[in-house]
2 protein chains.
Amino acid sequence: MTVPTGRRERKKAATRQKIADTALRLFLARGYDAVGIREVAAEADVAVTTVFSHFAAKEALVFELDEDFEQRLVRAVTDRAPHEPLIPALRQEIHALVRHCTGDDAAPVWRMIVASPALREYEESMRLRHAESLATAIAADLGLPPATTSCRTIARFVIDAYTLAREAAEPEAAVDEIFQMIEAAWAVARPAQGTTGRGTDRR
Amino acid sequence: MTVPTGRRERKKAATRQKIADTALRLFLARGYDAVGIREVAAEADVAVTTVFSHFAAKEALVFELDEDFEQRLVRAVTDRAPHEPLIPALRQEIHALVRHCTGDDAAPVWRMIVASPALREYEESMRLRHAESLATAIAADLGLPPATTSCRTIARFVIDAYTLAREAAEPEAAVDEIFQMIEAAWAVARPAQGTTGRGTDRR
DNA sequence: TTCCAAAAAGCTAACCGTTAGTGTTACGTT
DNA sequence: AACGTAACACTAACGGTTAGCTTTTTGGAA
C-alpha cells in the first residue's frame, strides 16, 4: 500500500496536464470554437476518449485552473476567525478572487471566455453549483437547515457580486458597492439562528 | 403592402405551433432526453431543418410558452403608474410569475424541466439574458447609463428571487422574504439619479 | 391572368461533442 | 512470476446542429 506518488499517478497527472496545456495553447492561438476535441487529442497525442476521461466536457478544459473557487468560498465561511462576521469575510474573499482573475496573466484566458457563448454559459452554470455549496456552508455555520431560503439567497447574491464586478469598469469598487447592498440585505434577512451552530452571534 | 395576417404568416405560425405541440406531447409522454429531434420532426411531419428554422435549439421547444417573461418584467418597470416605486412593482410581477408556473396546469412541464439538467442549464442562461434586459430598463427609467452596476445587481437579485422562490417550500412567502432583502439592498444602493429619467423620485 | 421574386419547407450530408463497447498496455500487489 | 486493475487506445456510433442546394408555396407586380 504505497501511498504517495506512484508512477501510475504521476503518469496520469502528466497526461492530464499535457492535455490541458495543449488545449489552452490551441484555444488561445486560434479561438475556442475553432479548435475541436479531435484536434486537441491529436496534438496532445492521446485518444479522444482519454480527454473525456480526464475532463467532463470540452469547456472544463478551460476552467481547469479555476478548480478551487468553490472551496475558497466555503472556507471563507468555515475557517474564519471566531467572532468575525460572515459578510465581510465573504467580501474579502470575493475581492481576492476578482483581483486574481483580472490580473494581467489571466487576462487572455478571460478574454477568450467572454468571447465564447458556450464558455460563458458553462461558467454560469458552474457558479450556480458553487452558490449551492456556499449556501449549504452558510446554513451549517448558523445551525440552520441546508435549504434555508435566506441562506440560498445570500449565496447567490455573493456569486452575482463576483460575476458583475468582473465585468464592471472598476472591479474593486464594484465589489464594495455590491457588498454594501448584500450587507443590507443580510441585515433584514435575520434568519432564526439555531442552537447547534457555532454558538456566537457574529452574523 | 398588405400588412396584417396574410396566409403565409398564418401557415408559418401553424407549422410552428404544430411542432411545439408535438414536441411537448412527446416530451411529457416519454421524457425530454428520450425523445430526439429527428423523432419530433417525423411526428410533426416536417423536416429536421424546419424545426431549427422555428426554434433556436431543442430546449427552446420547451420554453416556447415562457416567451413573454422578459417583456413582462421590463413592462413592470416601464408601464407602472406614476409615483409607484420600483421594487414593489417588480415584487408584484414576480409574484404573478411564480404563481403562474407553480399552478396545476404548468406543473407537469415544470417537473420535466427540473428533471433534465440540460433544460435547467438552458433556463438559467435564458434568465440571465432577461436580467440584462431588466437592468437596461431600470437604468433607463432612472436616467442612468445602461451598464450601471447597481442596476445590474438589482436586476440579477430579482431574477434570483424568481428562481429561488419557485424551489422553496412556500413559494409565495419566499418571494416576500427575498424582496425584503432586495428592498434593503436597493435602499443603500441609491444610484445617483440622472435628470433625463421620468423626473419624479419614486425609487 | 400570368409570371416572378422571395419566403418557407425539404433533402442530403456532414460536423462536433460525447459515449458505449472492446481490447491492450503498464503498473502495483501478492 | 502471476494476477488484478487502472489508464489508455480504437472504432463506431448517437444526438444536436448546420451548410448547401432543390422544391414548393405564396404575394404581389406586370
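Lettering follows sequence order; numbering is per chain, from 1.
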Residues that E59(B) engages under side chain to side chain donor-acceptor pair (under 3.5 Å), provided they are two or more places apart
none

Give me the atom names and distance for the closest heavy-atom approach of S150(B) to A189(B).
CB-CB, 4.1 Å

Going by salt bridge (Lys or Arg N to Asp or Glu O under 4.0 Å), name the residues that satisfy it together with R127(B), two or more places apart in sequence or in a different chain.
D66(B), E123(B)

Any residue of residues 117-126 of chain B with a heavy atom less than 4.0 Å from an atom of DNA chain C
none

For residues 17-44 of chain A, the side-chain hydrogen bond (donor to acceptor under 3.5 Å, both in side chains) pairs (sequence neighbours left out) are Q17(A)-D21(A), R30(A)-E39(A)

Under 3.5 Å, sequence neighbours excluded: what are the donor-acceptor pairs made by side chains of residues 107-116 of chain A?
unit_1	atom_1	unit_2	atom_2	d
S116(A)	OG	A118(A)	N	3.4
S116(A)	OG	L119(A)	N	3.3

With the side chain counted from C-beta on, respond yes when I138(B) and T148(B) share a heavy-atom pair under 4.5 Å apart, and no when they do not.
no

So E124(B) and E124(A), do their side chains get closer than 4.5 Å, heavy atoms only?
no

Round to a whole Å and report the spacing from CD1 of I19(A) to P of dT18(C).
14 Å

For nucleotides 6-16 of chain D, just jot down a letter per nucleotide in 5' to 3' order: B, S or -, based on protein non-hydrogen atoms under 4.0 Å.
BSSBBB-B-BB

Answer yes if the ring centres of Y162(A) and F69(A) are under 6.0 angstrom apart, and no otherwise.
yes

